[in-house]
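The structure under discussion appears below in the form of structure tokens.
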Amino acid sequence: MEDLKKRKMEEMGNNGELSTQEELRSLLDPLAKSQLVDLLSRLGSQYPSIAEEIKSIASSDPVHRKLFVRGLAWNTTSETLCAAFRMHGEIEEGAVIYDKATGKSRGYGFITYKHMESAHSALRAPSKLIDGRMAVCNLACEGLSGASTTPDLAQRKLYIGGLSPDVTSEMLLNHFGRHGEIEEGSVAYDKDTNESRGFGFVTYKTVEGAKKAIDDPQKLLGGRAVIVKLADTHKGKPVQTQLPAAAVVPLALPMAPGYPQPSKAHPTAAPAGYTYPQTVASYPAPAFSSGAAAPPPYPTQPPIPYAPLAANKDSQGIPPTSPMGMGGYPYYIGKQ
């Protein structure tokens, strides 16, 4: 009997838990994502067990452990990339992305850490000097929408022109690093020859650092006077001001209904186009008088009657007069 009572109590307890979970799910399901995040964050801060559960679930998802690394040199390999990020923790996977057709690096790669804490440690120092170029990392789920697209990027990114072929990316970063901390920067190299193209880019972490570099009167690097200006101004594209949506009023243009074509389908019964046949407006009557009227035709003349002439013949049938030829000369008939 006691065992039966215990079993009934356990079943009642399990049913109570299931009903409670279903009830909580029904309450949480309509909530928005922002409300759920706020609720879990408050519960995690109050109860350490809930915080550990949240961290455990988040750490198992690669979205919190995978980094996107851009700005790599063309000669950077997967081994070099992993060696630069191994200082933050154990790496589960790391690779440079290569072009399938040419087999050359595409200038970026990915690093996946084994633990989420390692990825957070790497993000605290996102800029790293790898093979002479300053590479930048951010969470792969953010893509290019990380630090590179901040609103003040146009005031922090500089174009450096007129570089000597002997200037390397490391020399460029060391020279401009005296004005402020650099987030990203390198010399532009040709993919095929790996030679300098004579210019580069430097992105400061602050706008003040970029202004100091522009205002520096001594712009000498590698024995040459270099050009330092904002990268956006180097593009030479006019700034287009975009009107707000409220200021743009769409206008509906009236179109005359046209005739349907058998080879084309029209969405409406009366398609827009030209009417057929078209009506032509009549011309107004001229204000000036016309010229003189044409003269009437000449009247027809009645035929003049002539008296008939009777031809006299002799008994032998020879005409009384000899016939006349051309020019009034007599007409002679040869002998037979």
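Rounding to the nearest 0.5 angstrom, the gap separating the OG atom in S186 from the CE atom in M134 is 9.5 Å. Between atom CG of residue L153 and atom CD of residue E184 there is a gap of 9.0 Å, rounded to the nearest 0.5 Å. Atom CG of D99 and atom NZ of K104 lie 9.5 Å apart (nearest 0.5 Å). Rounding to the nearest 0.5 Å places NE2 of H64 at 7.5 Å from SG of C141. Atom-to-atom distance recorded for L163:CG and H175:NE2 is 9.5 Å, nearest 0.5 angstrom. Separation of atoms CZ (R197) and CG (D190) is listed at 6.5 Å; rounding is to 0.5 Å.
Tested against E170 for a side-chain contact (heavy atoms from CB on, under 4.5 Å), the candidates N174, V167, L173 yield a single pass: N174.
Residues V207 and V228 do not share a hydrophobic cluster, clusters being chains of Ile/Leu/Val/Met/Phe/Trp/Tyr side chains in contact below 4.5 Å. The hydrophobic clustering, which links ILVMFWY residues whose side-chain heavy atoms are closer than 4.5 Å, places M116 and I50 apart. By the criterion of side-chain heavy atoms lying less than 4.5 angstrom apart, applied directly or through intervening Ile, Leu, Val, Met, Phe, Trp or Tyr residues, L31 is not grouped with V37; the two fall into different hydrophobic clusters. Hydrophobic clustering, with ILVMFWY side chains joined whenever heavy atoms are under 4.5 angstrom apart, groups L36 together with I54.
Side-chain atoms of S78 never come within 3.5 Å of backbone atoms of A95 as a donor-acceptor pair (strictly under, hydrogens ignored).
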Just do the side-chain contact (heavy atoms from CB on, under 4.5 Å) check on L39 and L28 with the steps written out, would you? CA-CA 10 Å; L39 175 62; L28 294 174; 3.9 Å; yes

The test is side-chain contact (heavy atoms from CB on, under 4.5 Å); show your working for L230 and I214 and say whether it passes. CA-CA 8 Å; L230 293 175; I214 295 175; 4.0 Å; yes

Just do the side-chain contact (heavy atoms from CB on, under 4.5 Å) check on H115 and R65 with the steps written out, would you? CA-CA 7 Å; H115 303 287; R65 298 182 285 111; 5.6 Å; no

Please assess S56 against S59 for the test side chain to side chain donor-acceptor pair (under 3.5 Å), listing each intermediate value before the final yes or no. CA-CA 5 Å; S56 176; S59 182; over 6 Å; no

Is there a side-chain contact (heavy atoms from CB on, under 4.5 Å) between L158 and Y204? Walk through the geometry before answering. CA-CA 8 Å; L158 301 181; Y204 286 92; 3.6 Å; yes

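Side-chain contact between I160 and I227 is absent, with no heavy-atom pair separated by less than 4.5 Å. Between R224 and S164 there is a side-chain heavy-atom pair separated by less than 4.5 Å.
Not a single side chain to side chain donor-acceptor pair (under 3.5 Å) links K157 to another residue, sequence neighbours left out. By the side chain to side chain contact (heavy atoms under 4.5 Å, CB included) test, D216 pairs with R178, H179, Q218, sequence neighbours left out. A search for salt bridge (charged side-chain N to carboxylate O under 4.0 Å, His left out) contacts involving K219 returns nothing, not counting sequence neighbours. Taking the salt bridge (charged side-chain N to carboxylate O under 4.0 Å, His left out) definition, one finds that K114 meets it with E90, sequence neighbours left out. Remark: Y189 pairs with no residue by the ring pair (Phe, Tyr, Trp, His ring centres under 6.0 Å) rule, at least two apart or across chains.
The environment of CD in E181 is sparse: at most 12 heavy-atom neighbours from other residues, nucleotides or ligands sit within 6.0 Å. For NZ of K212, the number of neighbouring non-hydrogen atoms (other residues, nucleotides, ligands) closer than 6.0 Å is 12 at most. The number of heavy atoms from other shown groups lying within 6.0 Å of CD (E93) does not exceed 12.
Taking Ile, Leu, Val, Met, Phe, Trp and Tyr as hydrophobic and joining them when side-chain heavy atoms fall under 4.5 Å apart, one finds Y113 in a cluster with L67, V69, L72, L81, F85, I91, V96, Y98, I111, L123, I130, L139.
Side-chain contact, S121 with S118: no donor N or O sits under 3.5 Å from an acceptor N or O.
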